[in-house]
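Letters go in sequence order (proteins before strands), and every chain restarts at 1. Just so it is clear, the model here is predicted, and its values are computed rather than measured.
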Amino acid sequence: MDLVLAKNLLKDLDTDQIEAVTSTEGPLLVIAGPGSGKTRVITYRFAYIVLTGKAKPHEILCVTFTNKAANEMKSRILNITGAYETRNWWIKTFHSLGLSIIKEFYEVLGLKNNFVVYDKDDQLNLIKSITKKYNFKELSPEKVMEIIDDFRYKNDEVPDTFGDKIKEITKIYEEEIRKNNAVDFVDLITLPYRLLKNDEEVRNYYRKKWKYLMIDEFQDTDPIQYEFIKTILNPEKNICVVGDDDQSIYGWRGANVENIRNFDKDLKNCKIVILKTNYRSTEEIINLSNYVSSNMTFRRKEKIVKGTGKKGNTPIFIETFDQLEEAKIIAKEIKFLCQNGYNYNDIAIFYRTNYLSRLIEEALIRENIPYKIYSGVSFYERTEVKDIISYIRFSINQNDFVSFSRIINVPKRGIGEITLSKILEFSIKNNKNLLESTLFLKKEGKIKPEIESFEKAINILSQNDQKISTRVRKLIEEIDYYTYLSQNYENYEERIENVEELIRAISDFEESGGESIEEFINTSILTTNSDNVDEQKNYVSLMTLHISKGLEFPVVFIFAANEGIIPHFKNTLNPSLLDEERRLFYVGITRAKKNLIITSSRIIRIGSIKHSLVSPSRFIDEIPSNLIKTIRV
DNA sequence: CCACTTCCTGTTTTT
DNA sequence: CAGGAAGTGG
């Protein structure tokens, strides 16, 4: 029965895809060009392994780039296999995989079971409190974070150029974050990796557990993640990596394209399958993208993507006078398209940097076009959402100084820096947690009476017999949070709506049988903008080129394709950085199914400086005129 | 000791 | 244009 199903699966696939799906044993490298059915291959391969009885779903580890991709794969596989739940499946991002491993082995790692995850912002706050305490001013806290993260990640020594002070701060930071019973993004990768590397028993436990490994977006993995994967690889070496070196765009974050370029040399007897048919785009768009990729300096090997003969419009390049006009033309064009059969959700606008979204937003508002922005500050990073999350985190873990210092004075309770450091000092001296210390000092009359509401708030959140969403609602009443928002922010209505959205998310989590509030909090911190892209809603999507990876739209606009923006002026001198800019542009144009419109203008603003007579991106300039139609306004 | 105002700097991309 | 530093009033 299952074998019949497995055979039926293959009917939907082309020969290259079948090869990738059925080559289950030993190392396999799948180079998947844009629109080549990559997600289909991974989900079908997963289903094929299960249906042919080679492994159970929970014996396959599948690492994806975003949570959204993970969820999509789960539901697609559910559909194909007829399985009815995914609870013990291992389809995760590297970070959520790390979190799961830490959860299983928290004790060995020196954590308590109620540990919390710190995001970049929390981490920065902890570093700020350390540099302030030790009066370290030579480098900005952001720079300090960058340096110590780099060394913590690679498990290196801090080089002498940064002096002993940074070394000291690194050591203090690592002690502090453990005292807070917290882990940060670096820990989520390095703690599990080192545990597996050094502990044979744990290593064998996972090696046995996962009979098959699949890694998506392999071109964007970094060296540690690659080592991690090799560490858990079983003796049969059943590993399949999927990716496209032409679409590697996270080098600046430590990703190493060489991982995919050398994979077949690194693992003996590696099979290679190249998926080169693009089912997504018209011939015109494919021809243009092939031209763009052919000019890369460093490349694995020439790869000409083939289309399926779909004919469409020649991509258009429009150059305008200034950016106001540029945004306006996009808005007008969208209006036009939507009067001619397109919906708003068929359309996306991509740009290189976040601040560019403002210009487009204004133009879209003027034309009454609904839109949603997917880049910039993510939902769980919003001040009001993070405040509530910090209350919840502190109610779980009263050693969490970062959350404590964030909320102790929100709303204002007359507690400033000095009182805060008194509480911290007291807690260290007397080995008491932050809440106990606060209450003790309050009794002694050393803290203003307004602190009462803080104590009550934490008590409310700790009432385990009630639903979490109910407790959060009570918390908001107790601290009169909405009044606080309306008194402090002009856009308070939007902020209140965000808090309501958070409560809704908590309710959904509870109703779908979520385990604990820790689970909700720790996983929500790992949610990002790209996880929220919803194709169902009818609005135009605005996002950075980076976020656009993995998505597709019938109509794609690329805004501000100016030299200096794409490629970014900081990355034009070094050929390998310039290549990455080109790949980013390549990712952008290959998202388009039918219509591609690229725009630029002759006057642009970078910050407060106006630059006149700027040229179009070199990536456009070099394109032969038969591949793109240029319009100068 | 805290809160509020004003002036200043500095903007790539994000799991 | 926002987010920190510094200065002043309560």
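When all heavy atoms are compared, the tightest approach of A:I604 to A:I565 is CD1-CD1, 3.9 Å.
Distance OG/A:S403 to CG/A:L434: 10.0 Å, rounded to 0.5 Å.
Residue A:K549 is out of contact with every strand shown, counting any heavy-atom pair closer than 4.0 Å. Heavy atoms of A:N354 sit under 4.0 angstrom from primed sugar atoms or phosphate atoms, though from no base atom. When heavy atoms are screened at a 4.0 angstrom cut-off, A:F94 is found touching no nucleic acid atom at all.
If you check B:dT13, B:dT12, B:dT15 against the side chain of A:T544, the one that comes closest is B:dT13. Minimum atom distance to the side chain of A:R358 is reached by C:dC1, of the listed C:dC1, B:dT15, B:dT12.
For A:M543 and B:dT15, the CE to P distance is 13 Å, given to the nearest whole Å. For the pair A:N125 CG and C:dG3 C1', the computed distance is 13 Å after rounding to whole Å. Atom-to-atom, CD of A:E142 to C1' of C:dG3 comes out at 10 Å; the value is rounded to the nearest Å. As rounded to whole Å, 10 Å separates atom P of B:dT14 from atom CZ of A:F65. Look at CZ on A:F569: it is 13 Å from P on B:dG10, rounded to the nearest Å. Rounded to an integer number of Å, the gap from CG of A:D222 to C1' of B:dT14 is 13 Å. A:K570 places its NZ atom 7 Å from the C1' atom of B:dT12, with the value rounded to the nearest Å. If you measure from atom OH of A:Y355 to atom C1' of B:dT9, you get 17 Å, rounded to the nearest angstrom.
Taking the six-membered ring wherever Trp is involved, the centroid distance between the rings of A:H546 and A:W252 falls below 6.0 Å. Checked against the 6.0 Å centroid criterion, the rings of A:F619 and A:Y586 do not qualify as a close aromatic pair. Aromatic rings of A:F350 and A:F557 (six-membered ring for Trp) have centroids beyond the 6.0 Å cut-off, not under it. Checked against the 6.0 Å centroid threshold, A:F404 and A:F454 count as a close aromatic pair. When ring centroids are compared, A:Y489 and A:Y492 stay outside the 6.0 Å threshold. No close placement of the A:F559 and A:Y351 rings is indicated, their centers lying 6.0 Å or farther apart.
A:H546 contributes no side-chain N or O that forms a donor-acceptor pair with the base of B:dT14 under 3.5 Å.
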> For A:N295 and A:E622, what are the C-alpha separation, side-chain angles and deciding distance, and is it a side chain to side chain donor-acceptor pair (under 3.5 Å)?
Replying inline: CA-CA 9 Å; A:N295 277 339; A:E622 70 193 22; 3.0 Å; yes
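Residues A:N571 and A:L526 each lie close to DNA chain B; by heavy-atom proximity, the contact nearer the 5' end of the strand is made by A:N571.
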> What one-letter contact string describes nucleotides 4-10 of chain C from 5' to 3', where B marks a base within less than 4.0 Å of any protein heavy atom, S marks contact via sugar-phosphate atoms alone, and - marks no contact?
Replying inline: S------
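Using cut-offs of 30° and 60° on the angle between ring planes, the pair A:Y106 and A:F115 is tilted.
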Please write out the pairs of protein N or O atoms and N or O atoms of nucleotides 2-5 of chain B separated by less than 3.5 Å, giving the distance to one decimal.
{"from": "B:dC2", "atom 1": "OP1", "to": "A:G416", "atom 2": "N", "distance (Å)": "2.8"}
{"from": "B:dC2", "atom 1": "OP1", "to": "A:T419", "atom 2": "N", "distance (Å)": "3.3"}
{"from": "B:dC2", "atom 1": "OP1", "to": "A:T419", "atom 2": "OG1", "distance (Å)": "2.2"}
{"from": "B:dC2", "atom 1": "OP2", "to": "A:I418", "atom 2": "N", "distance (Å)": "3.3"}
{"from": "B:dC2", "atom 1": "O5'", "to": "A:G416", "atom 2": "N", "distance (Å)": "3.4"}
{"from": "B:dA3", "atom 1": "OP1", "to": "A:G414", "atom 2": "N", "distance (Å)": "3.2"}
{"from": "B:dA3", "atom 1": "OP2", "to": "A:N409", "atom 2": "ND2", "distance (Å)": "3.3"}

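Applying the 5.5 angstrom centroid cut-off and the 30 degree plane-angle cut-off, the aromatic ring of A:Y250 is not stacked upon the base of B:dT15.
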